[in-house]
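Some notes on the structure that comes next.
Small disclaimer: the values here were computed from a predicted structure and weren't measured.
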Amino acid sequence: MRSLPALALAASLALCACGPAQSGPTWYQDVQPIVQGRCLNCHKAGGVAPFSMESYAQVRPHGGSMAIETAAGRMPPWKAGPADVSYLRDPTLTDAQRKIFADWVQHGMPEGDAKKPGAPLPPLSDGLERVDARVTMSAPYTPSLTPDDYRCFPMKWTESTQKYIVGMNATPGVPAQAHHIALYLVPPDSANLPFQWDAEDATPGYSCFGGPFGSRPQTFAVNLLAAWIPGTKGVMLERGGGIAVPPGATLVMQMHYNVAHSAPQADVTEMQFALADTVAKKMAYQPFLDVAWVAGGMKIPAGEANVQYTTEADPRDFFKVLGSPLDNTNGFNLEAVMFHMHKLGKIGQLYLVKADRSAKKILDIQDWDFHWQMEYHLAEPVRFEPGDKLRVRCVFDNSPGRLGDTSKDVNWGEGSEDEMCVANILSSE
């Protein structure tokens, strides 16, 4: 998580000098319940956020900043704008909740009665119902690149029969430096390759970015299995769904370490899974993009602040080429979307275009932030039927300063200074 703006901190200090007032919202009765329900997953001791919000004494110096950030909608983070669908686990505060922060600061941030605290907001997720399997890094790794270190760790999948992952959670060894995690499935016929790549590197794991290949050519289909961001307690897949994992597969856990705010520490991260032998819905991640972009057809010229790329197509043949385990013959359901761009991204959108040319907006991110790549689970699935198309649109800003002091021509690529435009769609048959 990034540091709060200097302006916000200055405002916080100025407001702290006002002295307590006798009216308005209080910490224990009004503010703390919101903080407990929406903030503490990140803002806690050892968490990824830059300061803890576990007590009144810790929060008071940041009161003005909190009012500014919540009023602007930057906190809690949620990048999905209005669309033609609704989402599960949306942490966005209501207008009344934002007003509580503003009024609390305006009245001098009174503490209230510690003996009569208000009830916290209901949690957005209850986490995993159970843990049936765990996979862990084989050895500790200390991030060696700052501030960002992308590292892939192969892990053996030891189940002897096909299982379905129906829930997933991650427990980073050092939460403060875990920016996000992507988990990839490597099929049995390629299962040894990631371990070979690991052995070629003197330290645990191997350097990678984007997919699980690092600087190597792609040698098997990129199958995203799960993603985790700080603050996530673990998620069970909705509507009886599950993602198949065959025996003999390898899991590659891509860790994005960020050590901008602390010294690197040795990490051992564990992935946890809820499993099932059968499921009501077979699910898989199916990426939608334009293959011409991958072949170098996504040039983003230096100095251009509004470069747009759009593709519209029936993606089912593309899904088949990538080795999708789903039968998309009669269509598929869109269950969730995780958009992916890099640091030049500005806008990301996904539409379902029906055969009659009417369009349903599935996801609309107007202020893309590389540091908040979230997965948006639909409250109700949306059906893609034969004759429909998907439309993905990405807008990039390559003006000076976005990649350092100057800009340069950028194209599709795995590196952090390259770009991508992908809608990773959690689909079901």
Using modelled atom types and a 3.5 Å cut-off, is there a donor and acceptor pairing between side-chain atoms of [X] and backbone atoms of [Y]?
{"X": "R98", "Y": "L93", "result": "yes"}
{"X": "Q177", "Y": "Q265", "result": "yes"}
{"X": "R130", "Y": "L275", "result": "yes"}
{"X": "E429", "Y": "D327", "result": "yes"}
{"X": "S125", "Y": "G127", "result": "yes"}
{"X": "S427", "Y": "I425", "result": "yes"}

Between [X] and [Y]: side-chain donor-acceptor atoms closer than 3.5 Å:
{"X": "E419", "Y": "N398", "value": "no"}
{"X": "H256", "Y": "D148", "value": "yes"}
{"X": "R239", "Y": "S428", "value": "no"}

Can you give me the closest heavy-atom contact between [X] and [Y], atom names plus distance?
{"X": "Q286", "Y": "N328", "answer": "OE1-ND2, 3.0 Å"}
{"X": "I181", "Y": "A170", "answer": "CD1-CB, 3.7 Å"}
{"X": "P187", "Y": "F220", "answer": "CD-CD1, 4.2 Å"}
{"X": "D198", "Y": "G205", "answer": "OD1-N, 3.0 Å"}
{"X": "L185", "Y": "A249", "answer": "CD1-CB, 3.6 Å"}
{"X": "P204", "Y": "P140", "answer": "CG-O, 3.3 Å"}

Return the set of residues passing side chain to side chain donor-acceptor pair (under 3.5 Å) with [X] (not counting sequence neighbours), or none when no residue passes.
{"X": "N330", "answer": "none"}
{"X": "Q162", "answer": "Y164"}
{"X": "E417", "answer": "K408"}
{"X": "D267", "answer": "Y257, T269"}

Please enumerate all residues that pass salt bridge (Lys or Arg N to Asp or Glu O under 4.0 Å) together with [X], with sequence neighbours excluded.
{"X": "K44", "result": "none"}
{"X": "E385", "result": "K354"}
{"X": "E304", "result": "none"}

So does [X] pair up with [Y], basic N to acidic O under 4.0 Å?
{"X": "R134", "Y": "E270", "value": "yes"}
{"X": "D369", "Y": "R74", "value": "no"}
{"X": "R357", "Y": "E312", "value": "yes"}

*Would you check, one step at a time, whether the test side chain to side chain donor-acceptor pair (under 3.5 Å) holds for E375 with Y285?*
CA-CA 12 Å; E375 184 173 20; Y285 283 94; 2.4 Å; yes

Using 30° and 60° as the class limits, which term best fits the ring planes of [X] and [Y]: parallel, tilted or perpendicular?
{"X": "F384", "Y": "F332", "result": "parallel"}
{"X": "W78", "Y": "Y376", "result": "perpendicular"}
{"X": "H43", "Y": "F51", "result": "tilted"}

_Test side chain to side chain donor-acceptor pair (under 3.5 Å) on Q373 and H180; report intermediate values, then the result._
CA-CA 8 Å; Q373 298 187 51; H180 74 265; 4.9 Å; no

*Check each of Y206, Y141, F195 against F153 using the ring pair (Phe, Tyr, Trp, His ring centres under 6.0 Å) test, and report the only one that passes.*
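Exactly one option meets the ring pair (Phe, Tyr, Trp, His ring centres under 6.0 Å) with F153, and it is Y141.
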
_Partners passing side chain to side chain contact (heavy atoms under 4.5 Å, CB included) against S160 (at least two apart in sequence or in another chain)_ =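 Testing S160 for side chain to side chain contact (heavy atoms under 4.5 Å, CB included), a comparison that skips the adjacent residues, returns none.
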
*Please name all residues satisfying side chain to side chain contact (heavy atoms under 4.5 Å, CB included) with Q349, sequence neighbours left out, ordered by chain then number.*
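With sequence neighbours excluded, Q349 shows a side chain to side chain contact (heavy atoms under 4.5 Å, CB included) to I347, Y351, D364, Q366, R393, given in chain and number order.
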
*Taking the six-membered ring for Trp and the single ring otherwise, decide whether the centroids of W412 and Y309 are under 6.0 Å apart.*
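No, ring centres 6.0 Å or more apart.
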
_Test: disulfide (SG to SG under 2.5 Å). Region: residues 334-380. Which pairs qualify, not counting sequence neighbours?_
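Applying disulfide (SG to SG under 2.5 Å) to every pair that reaches into residues 334-380, excluding sequence neighbours, yields nothing.
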
*Which pairs with one or both residues in residues 370-407 pass disulfide (SG to SG under 2.5 Å), sequence neighbours excluded?*
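Matches after skipping sequence neighbours: C394-C421.
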
*Of all residues at least two apart in sequence or in a different chain, which pass the disulfide (SG to SG under 2.5 Å) check with C152?*
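C152 satisfies disulfide (SG to SG under 2.5 Å) with C208 once adjacent residues are dropped.
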
